[in-house]
Amino acid sequence: QVQLVESGGGLVQPGGSLRLSCAASGFTFSTATMKWFRQAPGKEREWVASITTTGSSTNYADSVKGRFTISRDNTKDTVYLQMSSLKPEDTAVYYCNAFRLRYGNYWGQGTQVTVSS
C-alpha cells in the first residue's frame, strides 16, 4: 500500500529553522515527482515546493523562495523540506505529495508547523 509519512513538525520561534521529512513506501519512489503543500487554518491548500525525480530541478512558491529548500534521497525513499527564517505566516499543516504520470497523486497525513513567540 502506498504510504507517505511526514515528520519533523513542531513549535518554533520566528526566525528559527525546522526540517521536515517524508518517508515513502509502496511505490517506486524514484519515478515520482515530490512536492510539499501546506494548509493554514481557514485557508486553501497551497503548493510550497517541488522536486523532480532525480532532484535535478526544484521549484518554490514565491512566499518561501530563498528560505526553504526541498531535497530528496532516492536511496532512502525520503523527501525533505528544510525551512529557515521562519515566519508566523508559515504556520500550517504541511503535506507531502507524490505525483506519477498515469497514477496520479498520493498524500501524506500532514505534520503541524507552528511559528510563534
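All of these numbers come straight from a predicted model, not from anything done at the bench. Note that the numbering runs from 1 along the sequence shown for the chain.
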Determine whether [X] and [Y] fall in the same hydrophobic cluster, where Ile, Leu, Val, Met, Phe, Trp and Tyr are linked whenever their side-chain heavy atoms lie under 4.5 Å apart.
X   : Y   : answer
V93 : M34 : no
F68 : L20 : yes
Y80 : W36 : no
L86 : V64 : yes
L18 : V48 : yes

Under 30°, 30 to 60°, or over 60°: which ring-plane class applies to Y95 and W107, parallel, tilted or perpendicular?
->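 Answer is perpendicular, since the angle exceeds 60°.
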N59: partners by side chain to side chain donor-acceptor pair (under 3.5 Å), with sequence neighbours left out =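 Listed in chain order: nothing, the list is empty.
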Residue list, side chain to side chain donor-acceptor pair (under 3.5 Å) with S57, at least two apart or on another chain |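 Side chain to side chain donor-acceptor pair (under 3.5 Å) list for S57, sorted by chain: empty.
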Please give me the minimum heavy-atom distance between [X] and [Y], naming the atom from each residue.
X   : Y    : answer
V79 : F29  : N-CZ, 4.0 Å
K76 : T78  : O-OG1, 2.9 Å
G8  : T111 : N-OG1, 4.3 Å
S17 : S85  : OG-N, 4.4 Å
G26 : V2   : O-CG2, 3.7 Å

When C96 is tested against each of K35, E6, Q109 for side chain to side chain contact (heavy atoms under 4.5 Å, CB included), which residue passes?
->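 So, applying the side chain to side chain contact (heavy atoms under 4.5 Å, CB included) to C96 and each of K35, E6, Q109, only E6 qualifies.
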Contact between [X] and [Y] at the side-chain level, heavy atoms closer than 4.5 Å - yes or no?
X    : Y    : value
R100 : Y106 : yes
P14  : V115 : yes
Y60  : R67  : no
R38  : T91  : no
E46  : S63  : yes

How long is the gap from OG on S30 to CG on D77, to the nearest 0.5 Å?
->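 One finds 7.5 Å between OG of S30 and CG of D77.
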Q3 CD to C22 SG distance, which is reported to the nearest 0.5 Å =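 Here the rounded value is 10.5 Å.
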Taking the side chain from N74 and the backbone from T53, do they hold a donor-acceptor pair closer than 3.5 Å?
->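 Pair found, side chain donor or acceptor close to backbone of T53.
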Flag, side chain of R72 to backbone of T52, donor-acceptor distance under 3.5 Å =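 Yes; at least one donor-acceptor contact below 3.5 Å.
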With the threshold set at 4.0 Å, does a side-chain nitrogen-carboxylate oxygen contact exist between K87 and D90?
->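 So K87 does not pair with D90 through a salt bridge.
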May I have the step-by-step check of side chain to side chain contact (heavy atoms under 4.5 Å, CB included) for L11 and S116, ending in yes or no?
-> CA-CA 7 Å; L11 175 64; S116 177; 4.2 Å; yes
Do other residues, nucleotides or ligands put more than 12 heavy atoms under 6.0 Å from the CZ atom of F99?
->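 Yes, because the 6.0 Å sphere around CZ of F99 holds more than 12 heavy atoms from other groups.
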Give a yes or no on whether Q13 atom CD has more than 12 heavy-atom contacts from other residues, nucleotides or ligands under 6.0 Å away.
->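 Count not over threshold, so no.
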